[in-house]
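Values below: every heavy atom of this structure, side chains too, minus hydrogens, waters and symmetry copies.
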Amino acid sequence: MAWFRRKGSKSDESLHKHEAAAGAAGTAVVTKSEWKPPSEKLLEVREVERIFHVGSRELHVLKGINMELGWKQLVMLRGRSGSGKTTLLNLIGGLDTPTRGEIYFQNQPFHEWNDDQRTAVRRKEIGFIFQSYALLPLLSAYENVELSLRMAGTPRSDWDKRIKHCLELVGLGKRMHHRPYELSGGEQQRVAIAKAIAHRPKLILADEPTAELDSQMGAQVMRVFRDIIETENITICMTTHDPTIMEVADHVYQMVDGKFVS
């Protein structure tokens, strides 16, 4: 696709501008070459099954899933509706627990933790992007991103600089005081991205983030994803059934009936 270039892309340009600005201000910056992942794997899923009970029946939604998420990757879970990809995303994010199997987040047994422990991790380490944007309609883009920092317990003194940085990173620096109904679908999704990265998570989980967008807006969102992976040192795992965006991924897991297939 003509809109995506992995080398010499806008992500490199934005990073260089960020480094130059920080250097001029006398602030230490971690560059791409200097940044080191704190562990070999960000997340690992081992033989995970998820069974739901529907009346007297057992519904096997996930059937022995194994996968890994590395650092600074864009990973896609591709499959039709009902294939189990959203269920897997919920397990990875700690919104649900597996019936069988293990999930390790930064080498910690996520599957063994209670609700309070998983909630604490989500507030600090994980960001979510939803198909329906999940923005509060009476709040501006700026205020929606601010809400994320409030919930994460970020010091108030850091809010303004971080909010503006995140909105500028997704190309909405001049639209930050607009409310969702004053923004296009693509702009609303970019606000949702800024909101998800504001508290500096290590992992972003996105459920069908381009499903409500046309191909051009979807391409813009994927370009933003590549930018923030480089500048924020974030891994993104997303679900999709759109074959037109596959080539931007570092890895694609194809799901059929609760299993990964080649």
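Using a 4.0 Å cut-off between charged nitrogen and carboxylate oxygen, Asp160 and Lys164 count as a salt-bridge pair. Ion pair Asp115/Arg122 not flagged as a salt bridge, since none of the NZ, NE, NH1 or NH2 atoms sits closer than 4.0 Å to an Asp/Glu carboxylate oxygen.
Looking at Val191 and Tyr133, their side chains never come closer than 4.5 Å, going by heavy atoms from C-beta outward. Put simply, the side chain of Met222 reaches to within 4.5 Å of the side chain of Met238, judged on heavy atoms. In this structure the side chain of Asn66 reaches within 4.5 angstrom of the side chain of Glu47, judged on heavy atoms. Side chains of Met67 and Leu77 form a contact here, defined as non-hydrogen atoms less than 4.5 Å apart. Between Val45 and Leu91, every side-chain heavy-atom pair lies at or beyond the 4.5 Å cut-off. Counting heavy atoms from C-beta on, the side chains of Leu43 and Thr235 never come closer than 4.5 Å. Contact of the Thr154 side chain with the Trp159 side chain is registered, since non-hydrogen atoms from C-beta on lie closer than 4.5 Å. The shortest side-chain heavy-atom distance between Leu169 and Ile197 falls under the 4.5 Å cut-off.
Taking OG1 of Thr97 as the reference point, atom CZ of Arg118 lies at 5.5 Å (rounded to 0.5 Å). Note that CZ of Arg190 is 13.0 Å distant from CD1 of Ile129, once rounded to the nearest 0.5 Å. Separating the CZ atom in Arg200 from the SG atom in Cys166 is a distance of 7.5 Å, to the nearest 0.5 Å. Rounded to the nearest 0.5 Å, atoms CD (Gln106) and CG (Leu203) are 9.5 Å apart.
Partners of Arg162 by salt bridge (Lys or Arg N to Asp or Glu O under 4.0 Å), not counting sequence neighbours, listed by chain and number: Glu232. Among residues two or more places apart in sequence or in another chain, the ring-ring contact (aromatic ring centres under 6.0 Å, His included) test is passed with Phe105 by Phe110. Applying the salt bridge (Lys or Arg N to Asp or Glu O under 4.0 Å) criterion to Asp116, with sequence neighbours excluded, gives no partner residue. With sequence neighbours left out, Arg50 forms a salt bridge (Lys or Arg N to Asp or Glu O under 4.0 Å) with Asp96. With sequence neighbours excluded, the residues satisfying ring-ring contact (aromatic ring centres under 6.0 Å, His included) with His177 are Tyr142. The side chain to side chain contact (heavy atoms under 4.5 Å, CB included) search around Val252 returns Met76, Arg78, Met246, Ala249, not counting sequence neighbours. Applying the salt bridge (Lys or Arg N to Asp or Glu O under 4.0 Å) test to Lys195 and every residue at least two apart in sequence or in another chain returns nothing. In this structure, the ring-ring contact (aromatic ring centres under 6.0 Å, His included) partners of His111, at least two apart in sequence or on a different chain, are Tyr104.
Counting only residues at least two apart or on different chains, the salt bridge (Lys or Arg N to Asp or Glu O under 4.0 Å) pairs with a member in residues 205-218 are Lys85-Glu208. Pairs passing the salt bridge (Lys or Arg N to Asp or Glu O under 4.0 Å) check and including a residue from residues 102-113, sequence neighbours excluded, read Arg46-Glu102. Residues in residues 135-146 take part in these salt bridge (Lys or Arg N to Asp or Glu O under 4.0 Å) pairs, two or more places apart or across chains: Glu146-Arg150.
In the hydrophobic cluster analysis, where Ile, Leu, Val, Met, Phe, Trp and Tyr join through side-chain heavy atoms closer than 4.5 angstrom, Ile193 is grouped together with Val248. Cluster annotation: Leu147 and Leu149 are assigned to distinct hydrophobic clusters (Ile/Leu/Val/Met/Phe/Trp/Tyr, side-chain heavy-atom contacts under 4.5 Å, transitive).
When all heavy atoms of Tyr181 and Pro137 are compared, the closest pair comes out as CD2-O, 4.3 Å. Contact record, Ser83 with Arg80: OG-O, 2.8 Å, taken as the closest heavy-atom pair. When all heavy atoms of Thr239 and Thr86 are compared, the pair lying nearest together is CG2-N, 4.4 Å. Nearest heavy-atom pair, Ile234 versus Pro201, reported as atom, atom and distance to 0.1 Å: CG1-O, 3.3 Å. Leu183 and Gln188 make their closest contact through O-NE2, 3.3 Å (heavy atoms, listed as atom of the first residue, atom of the second, distance). The heavy-atom pair separating Gly93 from Phe128 by the smallest distance is O-CZ, 3.8 Å.
The main-chain N or O of Leu136 is found under 3.5 Å from a side-chain atom of Asn144 such that the two form a donor-acceptor pair. A distance-only check finds no donor-acceptor pair linking the side chain of Glu58 to the backbone of Ile51 [under 3.5 Å]. Between the side chain of Glu182 and the backbone N or O of Arg179, at least one donor-acceptor pair lies under 3.5 Å. The main-chain N or O of Ala152 is found under 3.5 Å from a side-chain atom of Lys124 such that the two form a donor-acceptor pair. A donor-acceptor pair under 3.5 Å links the side-chain atoms of His199 to the main chain of Ile126, judged by distance alone.
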Donor-acceptor pairs under 3.5 angstrom involving side-chain atoms of residues 253-260: please list them, not counting sequence neighbours.
{"unit_1": "Tyr253", "atom_1": "OH", "unit_2": "Glu68", "atom_2": "N", "d": "3.4"}
{"unit_1": "Tyr253", "atom_1": "OH", "unit_2": "Glu68", "atom_2": "O", "d": "3.4"}

Item to check | Stepwise side chain to side chain contact (heavy atoms under 4.5 Å, CB included) check, Ile163 with Met176 | outcome: CA-CA 9 Å; Ile163 293 167; Met176 65 177 65; 5.8 Å; no
Item to check | Worked verdict on Ile245 versus Val221 for side chain to side chain contact (heavy atoms under 4.5 Å, CB included) | outcome: CA-CA 10 Å; Ile245 61 175; Val221 167; over 6 Å; no
